[in-house]
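What follows is a short report on a single structure.
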Amino acid sequence: MLRNRLGKWLLSWPPLVYLTLFFLIPTTIMFVAAFRNPGDYGGLAPMYNIEDGKLVWDLTLDNFSRLVEEPLYFELFLKSIGYAGLTTLLCVLLAYPLAWLIATTHKKWRDLLLLMVILPFWSNFLIRIYAWMIILGPQSAFTKAVNWVVTGLGFEPIQLLFTPIAVMIGMVYVHLPFMVLPLYANLEKHDMALLDAAQDLGASAWQRFWKITWPLSLPGVFAGSALVFIPALGMFAIPDILGGTDSILIGNLIKQQILDTRDWPFGSVLSIVLTGGVLLIAGLGALVARKGAKRG
Amino acid sequence: MALLEINNVVKRFGDFTAVNNVSLSVEAGEFFTLLGPSGCGKTTLLRMLAGFEQPDSGAILLDGKDVSQVPPEKRPVHTVFQSYALFPHMTVRQNIAFPLKMAGWDAKKIETQVDELLEDVRLTQFGQRFPHELSGGQRQRVAIARALVDRPRVLLLDEPLSALDAKLREQMQIELINLQKEVGITFVYVTHDQGEALALSHRIAVMSHGQVEQLDIPERIYSHPKNRFVADFIGQCNVLEGTVKAVDGATMTVDLKGCGTVKCQSVPNAKPGQAGWLALRPEKIKLDKELGRHDDEAHFKGRVHDCLYLGDVTIYMVEVAEGVIIEAMLPNNIPGVAKFFDDNDVVEVAWRFDAGSFLTE
């Protein structure tokens, strides 16, 4: 019993140290920075001064009031949630049939199909996004094909690169595997006899999906949605590369505040609000998923 | 007209013929069993009745109409699956209400009907439970209630008791018989367990290699197997090789290989010189230190070769001639005596001329 507990302690040390160093301490620094004043040349002003031998704290709530007072920031948060939400929705719609196909295909094809889902991870994320720049560029075969259809329908030709459409394509492309894998893991465990039983008891194909497969796959949908929504919410690289001036998201603003404007306190405030929001959403998701798992 | 008619049905999977030209009919209200070893085609036949497989040729008539191309969801036939296939995310009530919802019943009627079925299977207090909160026997009853709730024309049961332990299985057998009587719905039951088939069925079709070997009431299947396969598959059986010597009306004499001649009931078309086997059930054989001789009995001396003590009965292997061993079974019905004979005891065995049947195939 004692040895067992000791073993657990020893085993939990490395992750504990890792999380403390790379999550807890940086988050704390960021949290404190949100209450500090910006330095004269960017970065942070000292947290306290010694005036007449007395310690004077230099902390402020100005950074928070700046966030609340300017509706632009609030709109940007909403827009980011919208982009992340749409990305998640599109990922569910695209990943579900794919995951179902992989889960129900013959075993010998399954590994190959899964490999093809994972394959993009083998090359660098930024390189893949730059590749999309070429694919979505005005001279690409893809853009030409799209415009052939668009003009065929009687519309003016459209631009893809540097538009919200390009950002959405990039976001969905990057996050799709994170939806496919948990969905596959869930669907693969489904007992196919349940579908036979439902059919036998009078359910049409549509009813079999909505009454049996969909509710039983919800834990997988929630897990995948968390894995897509959370990183999508903080994404800045894709809007940077594929988006135009109007496709800036909250991630871009944070990057801009920290790196370009060097207003660390305000960047910290934005980060904290974003992290808090993500935690809230993840917590709610976990709650719903647990409820679903209990039933399953 | 029979409720369910299967006419010359053939089903192949690649080069494998799972069901080979099967024809049979099931009457309304009947408890009909398809019995056979695994791979004999019984489950494929059942899946064709449910609609999950389509016959390559032949017809399946339900109430006189060919349903062989009708999809499962459109057939007035339900299946109780071997794994029960209860929906894990629905309560017992929701599970049982499922077929009614699919059929578009109104909510009030569904409630009363589900209540009635819950009562039929004695699960009234369990309506709000989820399947994983039930025992195996309770799950079984939910599966049956769900399949019976909209009164199908035929209920198909695919080895429904195989996942239960022996005690519970016996209890469920009695419940199944009573339930079938009560609801009056035709049951088509698939099993590989011959005891279960004998206990439950009105009629049994014994299948092997995609064909029906014998179709009859349980008593006839047991006491008059039509061929060696049925004799071997149903219960224990002595199968002794022999040749017909003479036919004399209702009886004939057979020369049993290594033992000598015995009298037995004649079979149609038997001619002197015909080879075959005498099938004898172990419990029909008399066994004692000494037996009186009777004209209508076959009589042999032998030596106990082995005994199998099974508690309620003991099986004695008696060697009556070099290499010829006859199995006899005696009930242990005398208090305080566990075995009547020991290995190597010299005994006498005898059986009446009508105790066995002569098989020509």
Side-chain angles (χ1 to χ4, degrees), chain A residues 92 95-96 99-100 103-109 182-226 284-296, chain B residues 43 46-53 70-91 94-105 117 128-133 139 142-152 154-160 163:
Chain A
V92 172
Y96 210 107
W100 179 258
T104 53
T105 198
H106 194 278
K107 253 202 147 78
K108 68 178 174 191
W109 298 110
L183 263 180
Y184 162 77
N186 174 286
L187 292 172
E188 189 255 344
K189 284 183 299 190
H190 281 210
D191 177 6
M192 292 302 152
L194 296 182
L195 292 180
D196 275 357
Q199 185 177 15
D200 185 72
L201 296 167
S204 64
W206 191 243
Q207 286 168 323
R208 295 200 288 279
F209 175 74
W210 281 114
K211 302 282 180 192
I212 311 297
T213 305
W214 175 253
L216 287 174
S217 68
L218 281 180
V221 173
F222 286 136
S225 296
L284 284 176
L287 210 70
V288 178
R290 194 177 308 158
K291 223 171 148 190
K294 225 185 233 168
R295 280 187 177 187
Chain B
T43 298
L46 195 80
R47 286 179 66 82
M48 284 194 278
L49 296 181
F52 292 115
E53 309 283 355
V70 176
E73 65 267 35
K74 298 255 163 66
R75 291 191 194 193
V77 169
H78 292 331
T79 309
V80 175
F81 290 85
Q82 191 169 6
S83 63
Y84 314 147
L86 297 180
F87 305 129
H89 56 302
M90 297 184 195
T91 62
Q94 288 167 332
N95 263 285
I96 298 176
F98 188 83
L100 304 178
K101 275 199 184 134
M102 294 303 109
W105 286 37
L117 260 294
Q128 299 311 320
R129 297 257 189 113
F130 283 97
H132 71 267
E133 297 168 323
R139 278 182 222 179
V142 176
I144 292 170
R146 185 178 68 174
L148 283 174
V149 70
D150 63 346
R151 306 282 152 184
V154 181
L155 184 71
L156 309 173
L157 301 104
D158 184 10
E159 311 231 6

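All values below come from the heavy atoms of this structure, side chains included, with hydrogens, waters and symmetry mates left out. By convention in this document, chain letters (A, B, ...) are assigned in the order of the sequence lines, proteins followed by strands, and residues within each chain are numbered from 1. What you see is a predicted model, and the numbers here were worked out from it, not measured in a lab.
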Original post:
Which bit of V77(B) is near chain A, if near means a heavy-atom gap under 4.5 Å: side chain, backbone, both or neither?
Top reply: backbone

Original post:
Looking at CE of M90(B) and CG of L216(A), how far apart are the two atoms once the value is rounded to the nearest 0.5 Å?
Top reply: 8.0 Å

Original post:
What heavy-atom pair brings R146(B) and A197(A) nearest, and what distance separates the two atoms?
Top reply: NH2-CB, 3.8 Å

Original post:
Heavy atoms, side chains only, cut-off 4.5 Å: are L194(A) and P88(B) in contact?
Top reply: yes

**OP:** Check each atom of Q207(A) against the heavy atoms of chain B and say whether the ones under 4.5 Å are side chain, backbone, both or neither.
**Re:** side chain

Original post:
With side chains defined as the heavy atoms from C-beta onward, is the minimum distance between Q199(A) and T79(B) less than 4.5 Å?
Top reply: no

Subject >> From L201(A) atom CG to L100(B) atom CG, the distance as rounded to the nearest 0.5 Å >> reply: 9.5 Å

**OP:** Under 4.5 Å heavy-atom distance to chain A, tell me which part of L156(B) shows up: side chain, backbone, both or neither.
**Re:** neither

Subject >> Spacing of CD1 belonging to I212(A) relative to CZ belonging to F98(B), to within rounding of 0.5 Å >> reply: 4.0 Å

**OP:** Looking only at non-hydrogen atoms, find the nearest pair between G202(A) and M102(B) and report the distance.
**Re:** O-CB, 3.7 Å

Subject >> From CG (D196(A)) to CZ (F52(B)), nearest 0.5 Å >> reply: 4.0 Å

Original post:
Is the backbone of K211(A) close enough, under 3.5 Å, to the side chain of H89(B) for a donor and an acceptor to pair up by distance?
Top reply: yes

**OP:** Below 4.5 Å from any heavy atom of chain A, which atoms of S83(B) appear? Answer side chain, backbone, both or neither.
**Re:** side chain

